[in-house]
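Keep in mind that this is a model prediction, so the values were computed, not measured.
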Amino acid sequence: MLAGTRSAFHWFAAVSLVLACGRGGDTVSDSAATTLDMPPPAEAAERARNAANALGRDLQTRLFAALDSGGPGRAIAFCSDSAQAWTARHAREGVYVRRVSLRVRNPLNAPDAAEERELLRLDSLQRAGALPAEVLRTARTAPGDSVVEYLRPIIVQERCLACHGERERIAPAVRSILDARYPTDQATGYRTGDLRGALSVRVPLHPGGGAR
């Protein structure tokens with residue numbers, strides 16, 4: 001799922017579409033990972049990547065099936081009715097994993113304060129042509145408690161524009177579905193190459209620094 005791999009392209013596209021519909025194809029920059037603050041333990045970093053990979057693959061499979069069987073309308077229904085539930089299933093054993101965006105379609109995908117700061121930073125880097133493939137850092141959450149924070153950017157691809165492009169270019173039938181399901185939708189007006197959001201994962205650490 002790291003940037004530059006062909007498999008990453010396919011499932012990033014699907015995840016970007018899910019962000020588009022309910023939370024969204026996508027690729028990421030070829031630049032290396034950015035590590036902020038203290039480097040995270042390798043075990044916890046790998047656990048975070050694995051959680052992001054698993055969620056991405058699951059959503060890709062289900063979203064592509066919806067697109068193939070019923071087009072954008074069916075995909076929107078999946079995003080609205082099922083994507084959140086499938087995302088929650090990946091948050092196991094204390095690992096937090098979800099999709100976040102600065103311009104949400106589903107309010108449940110609104111970032112918290114830390115995610116919002118990082119998304120704003122990633123947006124600036126993307127505009128400067130310096131978007132990292134992933135962001136890793138260790139953050140302190142309470143005295144004696146730390147967590148590995150991991151974000152993987154999601155970039156808008158052309159097929160995402162059917163649901164996330166300029167509103168006047170979205171098919172009227174798709175607009176009607178979006179208006180009915182998401183009356184406060186902010187997730188239109190994107191162009192190919194824009195930052196759509198990120199997969200956000202957090203892995204708690206033991207006081208000694210190992211993953212819990």
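Taking the side chain to side chain donor-acceptor pair (under 3.5 Å) definition, one finds that Glu115 meets it with Tyr96, Arg98, Ser200, sequence neighbours left out. In this view, Arg117 satisfies the side chain to side chain donor-acceptor pair (under 3.5 Å) rule with no residue, not counting sequence neighbours.
One distance of note links CG of Asn106 with CZ of Arg181; it measures 11.0 Å at 0.5 Å rounding. Rounded to the nearest 0.5 Å, atoms OH (Tyr190) and CG (Leu161) are 11.5 Å apart. A distance of 8.0 Å separates CZ in Arg167 from CG in Asp185, rounded to the nearest 0.5 Å. In this structure, the separation between CG on Leu122 and CD on Glu134 is 11.5 Å, given to the nearest 0.5 Å. Atoms CG and CG, from Leu195 and Leu102 in turn, are 7.0 Å apart once rounded to the nearest 0.5 Å. Distance CZ/Arg49 to OH/Tyr150: 5.5 Å, rounded to 0.5 Å.
Of all heavy-atom pairs spanning Arg140 and Ser146, the tightest one is NH1-OG, 3.9 Å. The minimum heavy-atom distance linking Thr138 with Pro40 is given by the pair OG1-CA, 3.2 Å. Closest of all the heavy-atom pairs between Pro132 and Leu125 is CD-CD1, 3.8 Å. Contact detail for Ala187 and Arg196: the closest heavy-atom pair is CB-NH2, 3.3 Å. Contact detail for Ala198 and Leu151: the closest heavy-atom pair is CB-CD2, 4.0 Å. In terms of heavy-atom proximity, Val95 sits nearest to Ala51 at CG1-CB, 4.0 Å.
Residues Glu118 and Glu149 are not in side-chain contact: their nearest non-hydrogen atoms beyond the backbone lie 4.5 Å or more apart. Residues Cys163 and Val174 form a side-chain contact, since some pair of their non-hydrogen atoms from C-beta on lies under 4.5 Å apart. Side-chain atoms of Leu199 and Ile154, non-hydrogen and from C-beta on, do get closer than 4.5 Å to each other. Leu131 is listed as a side-chain neighbour of Ile155, based on a closest heavy-atom distance under 4.5 Å. Between Val135 and Pro153, every side-chain heavy-atom pair lies at or beyond the 4.5 Å cut-off.
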>> Assess the residue pair Arg105 and Thr188 against the criterion (side-chain contact (heavy atoms from CB on, under 4.5 Å)); give the C-alpha distance rounded to whole Å, side-chain angles, the decisive distance to 0.1 Å, and a yes or no.
In response: CA-CA 9 Å; Arg105 177 155 287 169; Thr188 58; 3.4 Å; yes
> Stepwise, does the side-chain contact (heavy atoms from CB on, under 4.5 Å) test hold for Val203 with Glu43?
Replying inline: CA-CA 10 Å; Val203 178; Glu43 177 189 355; over 6 Å; no
>> Let's go through Arg191 and Val156 carefully: what are the C-alpha distance in whole Å and the side-chain angles of both, what is the deciding distance for side-chain contact (heavy atoms from CB on, under 4.5 Å) to 0.1 Å, and is it a yes or a no?
In response: CA-CA 7 Å; Arg191 298 181 180 180; Val156 174; over 6 Å; no
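Looking only at distances, a side-chain donor or acceptor of Asn50 sits under 3.5 Å from a matching main-chain atom of Glu46.
Following chains of ILVMFWY side-chain contacts shorter than 4.5 Å, one cannot reach Val147 starting from Leu205, and the two form parts of different hydrophobic clusters.
Electrostatic pairing of Asp112 and Arg202 counts as a salt bridge here, judged by a charged N lying under 4.0 Å from a carboxylate O.
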